Amino acid sequence: MARKILCVAEKPSIAKSVAQHLSGGQFNTHSIRGNTFIKNYEFDFNFNPPWGQCSVTMTSVIGHLTSLEFNEQYRKWHSCSPVRLFDAPVETEVDKDKKAIADNITAQARYAKALFIWTDCDREGEHIGAEVRQSAYKGNGTIEVKRAQFSNTERAHVIRAAHNPINLDERQVNAVSARIELDLRLGAAFTRFQTLTLRTLGGDLEDRVISYGSCQFPTLGFVVDRYFRVKQFVPENFWSIKVMHKRDDVEVTFSWRRHRLFDRASVVILFERCLTARIAKVIKLQKKPTSKWRPLPLTTVELQKLGSMFLRMDSQRVMKVAEDLYNKGWISYPRTETDSFDKGMDLKKLIEKQEQDQAWGGYATSLLRGGFRQPRSGRHNDQAHPPIHPVNFVASGSLSGDERRVYEFVVRRFLACCSEDAKGESTTVEIECGDEIFFANGLLVLERNYLEVYPYEKWNSSQPLPRFSLHETFEPTEANITEGETSPPGYLTEPELISLMDANGIGTDATMAEHIAKIKEREYVMTQPRGGGAQTNGNGNGNSGRGGRRERSGRGGAQGGNNATGSGGGSVQQFIPTTLGVALIEGYNGIGLETSLGKPFLRKEMEIKMKQICAGTKSRNDFVNETIEQYTELFVRTQQQVDVLKAACRKYVFGEQP
DNA sequence: GCAAGGTC
């Protein structure tokens, strides 16, 4: 009898495409008991020695199989003092809804010679691989465990991976298992402590969960931080000079090189010198080619940011719709950090599929007839998934409204990536008037190229500048002093929040939207459209607290954010902390810990140490012990100064004077 | 009733 090899992927879609490639399409499909998504695919494949020709069962899990939990006696909230959760015993359990999946692996491992793990080649994937291994060992203690190394599911790449298995990377497994343990201990300890302590203040705090998480708190911190920057903003007056000149019926405005000054008297003096000079002289005349770069291949973070800017959906909604499109086979896997396409990928074949579309089909054809350019390469690569791209054509009629808009965006972005940059010509005229220098810019768009298919970005020719010649002198028609006042930043928008999270390593591409949703659900923040009234997520009053302070929407109305230019109506949502959200962050800031829980630094540090574990320069034990020690210290200090936290709640939530 | 991370 042929030897048997069990292969396990991280998700059903990967199991299916790997099975298709390895079997050449010749495989049998079996459902398993207890789970409708998981299938076992059976076929033969000739592996490299020592395995040779084998019968293969290819199946999958659905993400993590197990969770870490406190032992039974610590699970009830009042079972122990929260501080004990830093060292209470924990155990790993198969999730209830994953039991059937784990059993399938245990059963299939029983007669297999080897287990090939086909989870994503990232840290979490490595840990999921270890979870799979554990289930396999239950059925077969001597099964040999290997790991396939692959970053996409192209046929040749998959077959190469099957022929060249490596071992699981225990360091990555350890880094993730440490992360899991720390998230559980810190989250549970602080959540129980906060909730139970602040509950004693009564009122609106009596029966709600006031959760702490190493991602949700920094996320809240960003919102509160911006809120105070808006509130504490003091406008400043500034003055500037502009020079105007009319020629060939065109009114040209020359802007001041110094931009603006905050001292009126100085501006008046400089202005008077200009007036005295009377004559302006052209000192620089420059015409040069310019271009607007086509976008990079699409990552999850970009999809979420641009989704809230152009499509006016919140990040959670965009991800939900993208997942649906992925599950229906229209777009590639939507959770990726990679912003460059593999050299070997056949992009033209994907473009061909779009030729039939009424709106962008013609453009797709023009790419295939010579317009095609290999996409730019960004610097990110998660080694697990390609950038988000359309994999099949679907007529817009068979999609729902939101699906249509997300699909259209993914397709247009993809076609734009495969296009030439937009080309133009920029003109600069610089004049000297007295000792001051002024300039005017002109832009002539020559070839729109990718912009033809990517209406989300704008680039338009300016009014053409009239002809000037170098060194010529002329008397400007008019010169003025202008006056203005600096305007406050706007409240944080969702794309800005996602950028901050991304830059600070808060959450992953797949979870950022969830953290944002979580702080809304906890009523730490609410969202409102720019210039409109408040809107909360779920039920309840977003401005928690009796007599809580209501905030005016401020003057930030139209400023500071991205003025979206795409399709889709409505206006951008902005994030405003509730009184509770402000109280929590201000409370922790006030306790004077060297690193506040409301700042991103602690999470960043965790991320750095995980990388050290993966590099082999730090052990799992050292990492866990150090971090537990660090947070225990923060916890004890917080307990000692809990009055600061309570005072912040009284002040902000209940509006009491200190 | 707590977290964050996978994925459906």
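Below, read A as the first sequence line, B as the second, and so on, with proteins coming before strands; counting in each chain starts at 1. All of these numbers come straight from a predicted model, not from anything done at the bench. Values reported hereafter were calculated over all heavy atoms of this structure, with side chains retained and with hydrogens, waters and symmetry mates removed.
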Could you list all the salt bridge (Lys or Arg N to Asp or Glu O under 4.0 Å) pairs where at least one residue sits in residues 190-200 of chain A, not counting sequence neighbours? none
Side-chain N or O of [X] versus OP1/OP2 of [N]: is the shortest distance under 4.0 Å?
| X | N | answer |
| --- | --- | --- |
| R208(A) | dC2(B) | no |
| H515(A) | dG5(B) | yes |
| R192(A) | dG1(B) | no |
| T511(A) | dG5(B) | yes |
| R522(A) | dC2(B) | yes |
| Y333(A) | dT7(B) | yes |
| S211(A) | dA3(B) | yes |

Selected nucleotide, minimal atom distance to [X] side chain, candidates [options]:
| X | options | answer |
| --- | --- | --- |
| E69(A) | dG1(B), dT7(B), dA3(B) | dA3(B) |
| E124(A) | dG1(B), dG6(B), dT7(B) | dG6(B) |
| V209(A) | dG1(B), dG5(B), dT7(B) | dG1(B) |
| D120(A) | dC2(B), dA4(B), dT7(B) | dT7(B) |
| T508(A) | dT7(B), dC2(B), dG6(B) | dG6(B) |

Base, sugar-phosphate or nothing for [X]? Non-hydrogen atoms, less than 4.0 Å.
| X | answer |
| --- | --- |
| F193(A) | nothing |
| L68(A) | base |
| P82(A) | nothing |

How long is the line joining CZ of F86(A) and P of dA3(B), in whole Å? 14 Å
Between S214(A) and R603(A), a side-chain donor and acceptor under 3.5 Å: yes
In terms of side-chain heavy atoms, does H64(A) have a donor or acceptor partner in E131(A) at a distance below 3.5 Å? yes
Determine if W77(A) stacks with dG1(B); use a centre-to-centre distance below 5.5 Å and an interplanar angle below 30° as the criteria. yes
K328(A) versus N392(A): any side-chain heavy-atom pair under 4.5 Å? no
Side-chain donor-acceptor contacts of residues 639-647 of chain A below 3.5 Å, not counting sequence neighbours, with atom names and distances?
| unit_1 | atom_1 | unit_2 | atom_2 | d |
| --- | --- | --- | --- | --- |
| Q641(A) | NE2 | I591(A) | O | 3.2 |

